[in-house]
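Below: one structure, written as structure tokens.
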Amino acid sequence: MKKTLSTILIVLTIALAGFAGEKVRLAGSTTVLPIAQFTAEEFMNFNPDVTLSIRGGGSGVGIASLSEGTCDIATASRSMKDSEIKNAVSRGIHPTAHVIAMDGISMVIHPSNPIRNLTKDQIRKIYTGKITNWKQIGGADRKIVVLSRDTASGTYEAFSKLALNDEKVRKDALLNASNKAIETAVETTPGAIGYIGFGYITPRIKLITVDGITCSKTTILSKEYPYSRPLFMYTNGKPKGWVKKYIDFVLSKEGQELVETAGYIGLK
Amino acid sequence: MRSKISEKAFKYGFMGMAFSSLLFLLGIIIILFSEGLPVFSTVSLTQFIGGMSWYPTSEPAEFGILPLILGTLWVTLGAMIICIPIGLGSALYLHEIAGRRQKAILKPLIELLASIPSIVYGFFGMIIVAPYLQRTFDLSTGLCAFTASLILGIMAVPTVCSLAEDALNYVPKSFREAAYAVGANRWQTLTQIILPAAGSGISTAIILGMSRVVGETMTVLMVAGGAAMIPTSIFDPVRPMTSTIAAEMGEAAMGSPHYHALFAIGLILFLITFVFNIVAEIVSRRYRLKLGLGR
């Protein structure tokens with residue numbers, strides 16, 4: 001009897017010790033989600049004492065969560081807006097940005113479309129509704145089907161900032177919930193134009209150059225490609241403890257390899 | 001003594017279960033109102049329902065849901081045009097013409113259509129139907145209201161067919177016998193006796209089918225195109241209310257005006273289907289009275 005009791009006690013202590021291990025909470029961008037998942041999994045393999053919990057929800061959600069103190073790291077596919085920084089500071093949180101990877105927003109069209117290059121100005125005019133037919137920009141006489149991401153996504157906000165100078169996307173643009181949905185739609189629609197993350201380019205859709213620059217690893221890293229964007233992790237002040245160890249791991253050679261596995265561009 | 005206690009326990013136990021759905025319903029309604037109404041501190045009711053632009057994340061944000069409401073109605077109208085003839089036609093065939101063996105095979109098969117998950121319909125629409133329609137009609141895109149209506153119409157067929165067939169079955173046999181007795185032929189009996197008698201039941205079937213179409217989310221999210229514009233043709237892409245909520249709820253920060261706006265859309269959607277269900281209930285009650293089947 002006594003023996004059983006002590007066994008139970010020991011088991012309980014071990015279990016509790018396991019649960020009592022440190023916790024790091026991540027929340028935010030669905031674009032950064034694969035990076036967070038890959039790196040967190042590997043990180044926990046090396047550090048069994050710490051548990052990383054990851055939530056998606058979008059860049060805005062992550063940033064709001066950091067300001068409210070309900071997460072330790074906010075992942076974001078855009079930089080914080082002034083209003084968001086003010087809100088955080090008013091709550092005693094001092095967001096610090098860490099660039100963890102680069103991504104390029106690639107412009108893609110149907111493979112049968114002869115267009116190879118568009119200027120930034122043309123792309124802006126297409127997305128805001130001033131150009132509506134491919135023949136206006138040297139293509140066939142075909143209506144342009146504009147594909148965009150949902151206006152709530154971080155990718156949309158980044159594109160809107162980089163490509164549209166914050167002008168509104170035309171109302172008849174087809175809004176898609178994911179990179180994958182855009183890829184499928186472009187593949188099956190001869191008049192389509194869309195934008196997707198660099199990691200989602202497939203041979204079945206045609207990548208076009210912007211201002212004559214191809215979207216590639218080199219041009220994105222050198223920021224020569226106009227629609228390149230950094231991906232962020234935000235912490236409260238200088239990272240300490242496990243948060244610091246994790247961010248250091250993401251930025252390490254190994255972490256950056258995982259970034260590439262996730263379909264993004266490592267910083268080195 | 002003991003049995004009395006256990007009897008009471010059972011009684012209250014089951015009563016609790018019966019009333020639990022009421023509790024859930026009440027909870028949902030309270031949440032819809034408490035999370036949806038705060039949006040009206042940002043926009044007025046007329047701006048919200050009558051507004052032409054849905055730009056929830058631009059600065060300043062615009063929360064006009066008229067394009068979304070019209071998108072829903074447009075798709076629903078198209079779906080009903082497709083599902084009413086097919087649904088009622090198959091109900092009539094099953095009831096009047098099909099033999100016992102045919103009926104035993106056909107009815108379960110039609111009902112099986114209802115058990116296909118909506119995401120499968122959406123997938124089918126996106127990969128097969130939309131590109132096919134786009135090529136056939138030389139559209140700029142196959143992801144449009146017409147494709148959504150077509151698929152939703154097919155999805156609602158089992159609901160309409162099955163309920164309409166039940167309604168036809170509820171018509172007492174004596175009605176038919178009486179008609180034949182005064183010399184009416186089969187067609188006259190059907191159009192002048194059976195259909196009017198089952199009319200309210202059939203209307204209920206149509207209204208419930210409509211409820212299903214209005215509330216359907218995944219399929220429209222995948223095939224309707226998602227453009228928040230006021231549709232002018234059946235081949236325009238639309239963004240129904242349900243797919244707007246589904247696509248944006250995950251990325252709206254809790255407590256933001258956008259978040260409340262999505263709840264308010266949910267509230268309006270709920271009111272629409274609520275009205276449908278009440279109308280269906282009233283109509284079917286009238287029908288029971290008319291046939292003298294009691295209250």
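Proteins get letters first, then strands, A, B, ... in listed order; numbering begins at 1 in each. Just so we're clear, the structure is a prediction, and the values are computed from it rather than from any experiment.
In this structure, the portion of A:Ala173 lying under 4.5 Å from any heavy atom of chain B is its backbone and not its side chain. When heavy atoms are compared at a cutoff of 4.5 Å, B:Ser256 does not approach chain A at all. Proximity to chain B is limited to the side chain of A:Glu157, based on heavy atoms less than 4.5 angstrom apart. For B:Ala252, the part lying near chain A is the backbone, with the side chain staying farther off; criterion is any non-hydrogen pair under 4.5 Å. Using a 4.5 Å cut-off between heavy atoms, A:Thr151 touches chain B through backbone and side chain atoms alike. Contact annotation for B:Met249: neither backbone nor side-chain heavy atoms come within less than 4.5 Å of a heavy atom of chain A. Heavy-atom distances place the side chain of A:Asp150, and not its backbone, under 4.5 Å from chain B.
In summary, the aromatic rings of B:Phe63 and B:Tyr55 are positioned with their centroids too far apart to meet the 6.0 Å limit. Two rings, from B:Phe235 and B:Phe137, have their centers less than 6.0 Å apart.
Looking at B:Ser53 and A:Lys171, their side chains do bring a donor and an acceptor atom within 3.5 Å of each other. Counted by atom type alone, B:Ser211 and B:Thr273 present zero donor-acceptor pairs between their side chains at under 3.5 Å. Between the side chains of A:Thr189 and A:His110, no donor-acceptor pair of N or O atoms lies under 3.5 Å.
Using non-hydrogen atoms only and a strict 4.5 Å limit, the part of residues 219-226 of chain B facing chain A consists of B:Gly225, B:Gly226.
Each of B:Phe263, B:Phe40, B:Trp54 was scored for a ring pair (Phe, Tyr, Trp, His ring centres under 6.0 Å) with B:Phe48, with one residue passing: B:Phe40.
When side chains are defined from C-beta on, A:Lys168 counts as touching B:Glu62, because their heavy atoms get closer than 4.5 Å.
When the side chain to side chain donor-acceptor pair (under 3.5 Å) test is applied to B:Ser41, no partner is found at least two apart in sequence or on another chain.
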